[in-house]
Amino acid sequence: MSEPARSDSQSEARSEPQSGELSGNLPAPYVSPWREFGRNLQAMAADLRLRFQELWRRNREGDLSVPGFWPRDLAPSFWPLLLVLLLLFPVAGLRWWQTHASTDPRQEPVERPRESPLAVPDLELIPAPQPMAEEPSPVPAPLQSALALEQEEPSQPQLRFDPLFDLFQDTAVPEGLLRSAKPVPEQDRLLLELSVDVWEQMAVDQRQTLASSWLQSALDLDYSSLQLLSEQGELLGRSARVGGGMILFDLGLVA
């Protein structure tokens, strides 16, 4: 009576481990790979943030290695400065390339005319006949005589205005006394040609006053000396070389 019971217990014991083995081999639950990728990105971002904070702390404390030539007091500014230079280098290279690329002349392709095997010869153009030149109409006889009279009439002398002469010819100067005013730039001198006949009719005081006023006008025009000459080129007076004023010569001595 006891043996059959044992056989039942043995069969139950064998069935339990088989069921346990079957439950362990069941497929794992489905997990979306995109969700796992998102969690991995978050973990990578957190890890990078922690590493950046650690590098920033170490750089601020001066624990990072720097070249030997760099001052120890400026060790925290070495790596940030190097990073800024590395970021600016591509930008500067791009600007340089754009500047030189815009200035380089681009050679435009030259289109060459295609030579066709059946070339048509150029046609010669016949020039149009030019109109005959019209003969001038004959001038009437009265008009020809009037033109001849106009050609025969002598041309009147044109008046010439000399501003330097007009400057020295004022109302105080007797009529016909001043003949010409000639500047000598190389000697910084001014020459006034006078009529001796009118000059000798003037009083001595009047001559001296007039000569002094002429000298002052010449000095105002930046001339250093003034000479009064006759029509024959004889010296009637000159400015003093020492001191000031005009020196007038006697007409008897001049003659």
Side-chain angles (χ1 to χ4, degrees), residues 88 92 95-108 130 133-255:
L88 292 179
R95 294 294 301 274
W96 180 85
W97 180 80
Q98 289 179 354
T99 304
H100 287 71
S102 60
T103 55
D104 292 339
R106 297 181 179 179
Q107 296 181 357
E108 298 181 356
Q130 299 181 357
E134 297 181 357
E135 296 182 358
S137 59
V139 181
L143 184 59
Q144 289 182 357
S145 60
L147 293 176
L149 291 176
E150 290 180 358
Q151 294 178 358
E152 291 178 358
E153 290 180 356
S155 59
Q156 297 180 356
Q158 298 181 355
L159 298 178
R160 185 179 60 183
F161 298 95
D162 189 356
L164 186 61
F165 178 82
D166 296 338
L167 181 63
F168 287 90
Q169 180 70 28
D170 54 4
T171 57
V173 179
E175 185 178 358
L177 174 61
L178 185 61
R179 304 300 300 271
S180 65
K182 300 177 182 178
V184 185
E186 59 273 9
Q187 298 179 2
D188 200 12
R189 182 185 306 171
L190 180 62
L191 304 179
L192 297 181
E193 183 180 345
L194 306 180
S195 174
V196 180
D197 297 336
V198 182
W199 182 255
E200 66 183 0
Q201 295 177 4
M202 297 173 58
V204 178
D205 297 340
Q206 188 180 3
R207 297 178 193 171
Q208 192 67 41
T209 303
L210 185 58
S212 299
S213 63
W214 282 343
L215 176 61
Q216 185 61 37
S217 300
L219 295 177
D220 294 340
L221 295 175
D222 293 337
Y223 290 101
S224 60
S225 62
L226 174 65
Q227 289 186 356
L228 305 179
L229 303 177
S230 64
E231 299 174 355
Q232 290 77 21
E234 298 172 348
L235 187 61
L236 300 178
R238 62 174 175 81
S239 57
R241 298 175 183 176
V242 179
M246 288 291 295
I247 299 175
L248 303 180
F249 299 102
D250 190 4
L251 292 176
L253 297 176
V254 173

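Everything quoted here is computed from the prediction, not taken from an experiment.
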Quick one: [atom1] on [X] to [atom2] on [Y], what's the gap to the nearest 0.5 Å?
X: L215; Y: S239; atom1: CG; atom2: OG; answer: 5.5 Å
X: S230; Y: E193; atom1: OG; atom2: CD; answer: 7.5 Å
X: L248; Y: L235; atom1: CG; atom2: CG; answer: 10.0 Å
X: Q227; Y: L190; atom1: CD; atom2: CG; answer: 9.5 Å
X: I247; Y: L228; atom1: CD1; atom2: CG; answer: 11.5 Å
X: L192; Y: S180; atom1: CG; atom2: OG; answer: 8.0 Å

Heavy-atom side-chain proximity of E200 to R207 below 4.5 angstrom: yes
Test item: L226 and S217 side chains (from C-beta on) under 4.5 Å apart, heavy atoms: no
Minimum heavy-atom separation for [X] to [Y], with atom names?
X: W214; Y: L177; value: CH2-CD2, 4.0 Å
X: L194; Y: R179; value: C-CG, 4.0 Å
X: P183; Y: Y223; value: CB-OH, 3.2 Å
X: M246; Y: A211; value: CG-O, 3.4 Å
X: D188; Y: D222; value: OD1-O, 3.1 Å

Backbone N/O of L210 and side chain of S213: donor-acceptor pair under 3.5 Å: yes
Test log, rule side chain to side chain contact (heavy atoms under 4.5 Å, CB included), inputs E234 and V196: CA-CA 10 Å; E234 298 172 348; V196 180; 5.7 Å; no
Trace of the side chain to side chain contact (heavy atoms under 4.5 Å, CB included) decision for L229 with L236: CA-CA 5 Å; L229 303 177; L236 300 178; 5.9 Å; no
Side-chain donor-acceptor contact under 3.5 Å, Q201 with D197: no
Stepwise side chain to side chain contact (heavy atoms under 4.5 Å, CB included) test for Q208 and M202: CA-CA 10 Å; Q208 192 67 41; M202 297 173 58; over 6 Å; no
Heavy atoms of other groups near E175 CD, more than 12 under 6.0 Å: no
